[in-house]
Asker: 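My questions all concern the structure below.
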Amino acid sequence: MSDISKGATPDNSSQEGGISSQYDPISVEDKWYQYWLDHQFFHATPKAGKESYTIVIPPPNVTGVLHMGHMLNNTIQDVLIRKARMEGKEACWVPGTDHASIATEAKVVKMLREKGIRKSDLSRDEFMKHAWEWKEKYGGIILEQLKKLGASCDWDRTGFTMDPNYHDAVIKQFIDLYNKGYIYRGLRMVNWDTEAQTTISNEEVIYNDEGEQAILYHVRYQIKGSEETLVIATQRPETIMGDSAVAVNPKDERFSHLIGQTALVPFIGREIPIIGDEYVELDFSTGCLKVTPAHDPNDYEIGLRHNLKVIDTINLDGTLNEKCEMEKFVGKDRFAVKKQIVKDLKEADLLVKEENFVTKIGRSERTNSVVEPKLSLQWFIRMKDISKKAHQAVMEDDIQLFPSKFKNTYNHWMENVRDWCISRQLWWGQRIPAYYYGDGEEDFVVASDLTEAVKLAKEKTGNSNLNEQDLKQDDDVLDTWASSNLWPIATFDGFNDACFDKATGKIDKSKNPELDFFYPTQTLVTAPEILFFWVARMVIAGYEYLDEKPFENVYLTGIVRDKQRRKMSKSLGNSPDPLDLIRQYGADGVRTGMLFSSPAGNDLLFDEKLCEQGRNFSNKIWNAFRLVKGWKTVEVEQPAINKQAIEWFEGKYNQALTEIEDHFSKFRMSDALMTVYKLVWTDFCSWYLEWVKPPYGDPIDQTTYEASVRLFEGVLKLLHPFMPFITEELWHQFKNREEKEALIVSEWPTAGSYDKECLKQADLLFETTSAIRNVRSSKGISPKEVFELHTQAPFVKEVEGSLKKLANLSEVHNSQEKPANAFSFVIGSDEFHIPASEKIDTEAEKKKLQEELNYTIGFMKSVSKKLANERFVNNAPENVVATERKKLADAEAKIKTLEDSIAAL
RNA sequence: GGAGUGUUAGCUCAGUUGGUUUAGAGCACCGCCUUGACAGGGCGGGGGUCGUUGGUUCGAAUCCAAUACACUCCACCA
């Protein structure tokens, strides 16, 4: 065998005196990643007649850094894409990043603040300049990190949701949906983040699970023209000045007489009606509810029903305004006012009671400030109609979710889908293409640019004197998800002028070769948390613009948690640094570590030990390679036992591959990996290699050597999607190969048939081997001590040579006589005896056999009980009864054998 | 409050339309082995009345019901 150190391109490292007994990933990984890049193996292009397999990456935040969730998610995608590539498909994995408007803007604002610059001192353009600089500097770090993991993305396609053509697509979508009537502008109660000064979606409001301690203030209101008072309960006394009514349940006999009367708002004495509304619960607290339409979503609804005034007393920054009619509060923060007004109420003897109360306060995911419900003019998408096909597609399994339990969740959301507020009061993002020419509610046009807007405004108003100065573009940008929803389409430039028809609002795929070839994509791998945020909205866009689903399968990964089931997070500091892990265990080790414990849809309880297991696996493979590579060959006839071993492993391989394919088809990645793991470790290393391994220093016959390399290569193929680096390395260490023969683009094997009898026979061989090893182990006999074996088991004749080698036997006697002073065991109904060199402990042997006998008798009894049951024999299917009869016969035979063995002792 | 999912070995999970031994795997654990590929290893071993209680059935980890616990999603009471 040639010097392994000059094996393949690129140069392979070696140590003096041979190959290191430990696999060193560091020296291998960068080299192969660069090799793959250099040879364009990740790059995909439309190819006539070839099947495509496309995955679009869930674009991470552009300024994000790699965390464990990304590691899991992207490992899975890479496994899928590498397998598809080997299967001969045009495998295209589109990478990219999301501009993530709120998160990124927050980071930029923070960075500016550290430099002493306030956002409010900057113009929009100036701010954007800073933001872009920031993006250029820090953006995409995460993509570089993914390369360390081995991600085989088509980097030529790297996208960004604010790329010019992507931006263009988003704007086209907005205009189109507006023209189709799906987008409207309306006054709505939104979640207002007073700190970030923006609306946030319901999904971005976080409620603490345990709730938060709050106080429920019982406040007395005077009734006009009466001595009577009523007591309302509120958490938010600072909103009293915005009250428009007091509501009671009309069925509430305590208060129904008050309906129609007038109450007076404390301090300011404003008159408000007392109304009856079913919304008020009879048995909650005082039964009287103050209605403040401007500051509570439910109150707003009540207000609509009763035509109440909306008195908005709180400014955008959370301070009170002059509408509260109390000068001393104007300009003061809502929380300061709350404190003061409680004090005032107490002094005025209007505070009846303070009750401790656990409530769930909504806080902003980004700023953690208490969300203020606020009425405001916002842009919305009407969801009901536009989402119909998307709903149907999943319910009818046209798009399959893995695991399927998420179908329920999806259904529930779709059935209760609510209009989606898409405007955000931020600068970083796609600015809403609406242009205002007046203060009226309808005084605007929606247009792709200012010139177009002027044109439309002229048409709409009939005023031909309007010019660019008369128009002012909306200050808000779009919710990030309103752009990332186009990800599978826009990354293939699906909205370019050639294929997107503005008049019909449809995309003609046939006019865009890229989209035509790669869309719909095959599999989306993402977190269940964003099933609605993102997945559902991509499906909606897919049907809206292409009348076609965006992907066939959605694989939902679990959340990565620590051993204590806590979610991994920066703030808890319980998340390891992924790159650190890769340095320590190798990318292959980390990848397999992640997948070992990641059954579909279940959370992954991450433990560094898993990476260790992955690393150990790499090492195992490495050492198997060292063994095979170290063999010297000789031209002699192939021994029969080697032939047997090869035939067996070929069968085992096909069996495993069949299983692996089944697992993949169900997205059971963990199970697929485990099957490969066992095939490699147990079957290939522990059995096959030991089976054919020549004695130390002896050469191996050429035929077996070649077969072993071939089998090893077959194993490397199955391993490659999971462990791309070590497999590519070994692939080239075995042979010099041209670039087109690289493992990454080698042909994925097809499962052939296998002889079940052959596998069964080998199982008996292994069982016997284990039993013999057990004799040595339990008797404290060295594994090196050679045994003789006496047995009449029929299968032994077929595998005698193999058994002798695996179990270290000198002789196998097929004689009827039982040797005296021997260790005995029974497999099936066959006896095995090993003559002992020293006097054996007969009692101990008897005891051992007796235990097995007891077990078998117990088993036999349960079977015969079943068979004695007439109803079982009559009702159970024939084959089941036959199986039971066979079990009984086998057990009886075994019992007899055991009894004989015991008697012989 | 509504909906959903789960509960099998110390841990993480398989167990495919009820019937291949009296329930499996990986890891962890225990014992022995400085074995000529690998101590990041080898060989061997122990470990579960399948959450609980009823029911259906000749037969239940598997189907049904109730119950307990855990988790997830949605909505949310001043």
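No experiment lies behind these values; they were computed from the predicted model shown. Just so we're on the same page: letters track the sequence lines, and every chain starts at 1.
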Asker: Using atom P of each nucleotide, how far apart are B/A28 and B/C69 to the nearest Å?
Answerer: 35 Å
Asker: Rounded to whole Å, please give me the gap between CG in A/D890 and P in B/U20.
Answerer: 14 Å
Asker: Expressed as a whole number of Å, how far does the C1' atom of B/C38 sit from that of B/C29?
Answerer: 22 Å
Asker: If a pair means Watson-Crick or G-U wobble with both distances below 3.5 Å, what does RNA chain B look like in dot-bracket form, with | marking bases paired to a different strand?
Answerer: (((((((..((((.....[....)))).(((((.......))))).....(((((..]....))))))))))))....
Asker: Does a side-chain heavy-atom distance below 4.5 Å link A/Y688 with A/S708?
Answerer: yes
Asker: Measuring from the side chain of A/Y279 (C-beta onward, heavy atoms only), which nucleotide among B/U35, B/C77, B/A14 has the closest atom?
Answerer: B/C77
Asker: Can you name the closest pair of heavy atoms from A/K779 and A/F823 and give their distance?
Answerer: CE-CE2, 3.4 Å
Asker: Indicate the atoms forming the closest heavy-atom contact of A/F596 with A/S670, along with that distance.
Answerer: O-OG, 3.4 Å
Asker: Hey, which sits more toward the 5' end of RNA chain B by its nearest nucleotide, A/N416 or A/G780?
Answerer: A/G780
Asker: Work out how far the C1' atom of B/G42 is from that of B/U67, and round it to whole angstrom.
Answerer: 49 Å
Asker: So does A/K620 reach the base of B/C38 with its side chain, donor to acceptor, closer than 3.5 Å?
Answerer: yes
Asker: Quick check for you: among B/U16, B/G41, B/C77, whose closest atom lies nearest to any side-chain atom of A/D296?
Answerer: B/C77
Asker: Send over the distance from A/K848 NZ to B/G44 P, rounded to a whole Å.
Answerer: 14 Å
Asker: Counting heavy atoms from C-beta on, name the nucleotide in B/A14, B/C76, B/A78 closest to the side chain of A/R668.
Answerer: B/A14
Asker: Would you please classify the geometry between the A/Y410 ring and the A/H391 ring as parallel, tilted or perpendicular, with 30° and 60° separating the classes?
Answerer: tilted
Asker: Just compare B/G41, B/C27, B/A37 and give me whichever is closest to any side-chain atom of A/L627.
Answerer: B/A37
Asker: If you only use heavy atoms from C-beta on, which nucleotide in B/G40, B/C27, B/C73 is closest to the side chain of A/R615?
Answerer: B/G40
Asker: For nucleotides 2-7 of chain B, list the nitrogen or oxygen atoms of the protein found under 3.5 Å from its nitrogen or oxygen atoms, one pair per line.
Answerer:
{"unit_1": "B/G4", "atom_1": "O3'", "unit_2": "A/N408", "atom_2": "ND2", "d": "3.3"}

Asker: Classify A/L605 by what it touches in the nucleic acid, base, sugar-phosphate, or nothing, heavy-atom distance under 4.0 Å.
Answerer: sugar-phosphate
Asker: Please figure out whether A/R236 or A/A876 has its closest RNA chain B nucleotide nearer the 5' end.
Answerer: A/A876
Asker: B/G45, OP1 or OP2 - any side-chain N/O from A/N774 closer than 4.0 Å?
Answerer: yes
Asker: Give a yes-or-no answer on whether the side chains of A/N874 and A/R871 include a donor-acceptor pair shorter than 3.5 Å.
Answerer: no
Asker: Determine the contact category for A/C288: base if any of its heavy atoms lies under 4.0 Å from a base atom, sugar-phosphate if only primed atoms, P, OP1 or OP2 are that close, otherwise nothing.
Answerer: nothing
Asker: Measure the shortest side-chain to side-chain distance between A/Y221 and A/C288 over non-hydrogen atoms and say whether it is less than 4.5 angstrom.
Answerer: no
Asker: Would you indicate, yes or no, if B/G42 has its OP1 or OP2 atom less than 4.0 angstrom from a side-chain nitrogen or oxygen of A/R776?
Answerer: no
Asker: Assess the side chains of A/Q850 and A/N854: does a donor N or O sit below 3.5 Å from an acceptor N or O?
Answerer: yes
Asker: Check every atom of B/C58, B/C27, B/A78 against the side chain of A/R871 and return the nucleotide holding the closest atom.
Answerer: B/C58
Asker: Could you measure between the two C1' atoms, the one in B/U57 and the one in B/G48, and give it in whole Å?
Answerer: 25 Å
Asker: A/W420 and A/F532: aromatic ring centres closer than 6.0 Å?
Answerer: no
Asker: Are any of A/W681's side-chain N or O atoms less than 4.0 Å away from OP1 or OP2 of B/G42?
Answerer: yes
Asker: Using OP1 and OP2 only, check whether a side-chain N or O of A/K887 sits under 4.0 Å from B/U20.
Answerer: yes
Asker: Could you pull out the closest heavy-atom pair between A/E415 and A/K384, with the gap in Å?
Answerer: O-NZ, 3.3 Å
Asker: Which one, B/G36, B/A78, B/C43, comes nearest to the side chain of A/S686?
Answerer: B/C43
Asker: With ring centroids as reference points, do A/F625 and A/Y23 lie under 6.0 angstrom apart?
Answerer: no
Asker: Over how many whole Å does the gap from A/Y23 atom OH to B/A37 atom P extend?
Answerer: 22 Å
Asker: Looking at every strand, decide which applies to A/Q235 at a 4.0 Å heavy-atom threshold: base, sugar-phosphate, or nothing.
Answerer: sugar-phosphate
Asker: Nearest to the side chain of A/Y677 - B/G26, B/C73, B/A37?
Answerer: B/G26
Asker: Under 4.0 Å, heavy atoms only, any strand: does A/K866 hit a base, just the sugar-phosphate, or nothing?
Answerer: nothing
Asker: Give me the distance, rounded to whole Å, that separates B/C27 from B/G18 when you measure between the P atoms they each carry.
Answerer: 32 Å
Asker: How is A/P695 classified with respect to the nucleic acid when contacts are heavy atoms under 4.0 Å: base, sugar-phosphate, or nothing?
Answerer: nothing
Asker: With respect to the side chain of A/N298, which nucleotide from B/G26, B/C77, B/A78 is positioned closest?
Answerer: B/C77
Asker: When you look at A/K886 and A/D890, which way does the salt bridge (Lys or Arg N to Asp or Glu O under 4.0 Å) test go after all the steps?
Answerer: CA-CA 6 Å; A/K886 171 118 187 2; A/D890 289 350; 2.8 Å; yes
Asker: Taking only the P atom of each, what is the distance from B/C64 to B/U7 in whole angstrom?
Answerer: 13 Å
Asker: Assign A/S770 to base, sugar-phosphate, or nothing according to its heavy-atom contacts below 4.0 angstrom with the strands shown.
Answerer: sugar-phosphate
Asker: Would you classify A/S285 as touching base, sugar-phosphate or nothing, given that sugar-phosphate means primed atoms plus P, OP1 and OP2, and contacts are heavy atoms under 4.0 Å?
Answerer: base
Asker: May I ask you to say what A/N869 touches in the nucleic acid, namely base, sugar-phosphate or nothing, with a heavy-atom cut-off under 4.0 Å?
Answerer: sugar-phosphate
Asker: Using atom P in both nucleotides, what's the gap between B/G15 and B/C76 to the nearest angstrom?
Answerer: 37 Å
Asker: Whole Å only: how far is the CD atom of A/E690 from the P atom of B/G41?
Answerer: 15 Å
Asker: Compare the minimum distances between each of B/A37, B/G44, B/C77 and the side chain of A/E281, then state the nucleotide with the smallest one.
Answerer: B/C77
Asker: Which part of the nucleic acid, if any, lies within contact of A/V280, taking any heavy atom under 4.0 Å across all strands shown: a base, the sugar-phosphate backbone alone, or nothing?
Answerer: base
Asker: Taking the P atom in each of B/G24 and B/A61, what is the distance between them to the nearest angstrom?
Answerer: 13 Å
Asker: Quick one about A/K652 and A/Q655 (side-chain donor to acceptor, distance below 3.5 Å, no hydrogens or angles considered), yes or no?
Answerer: yes
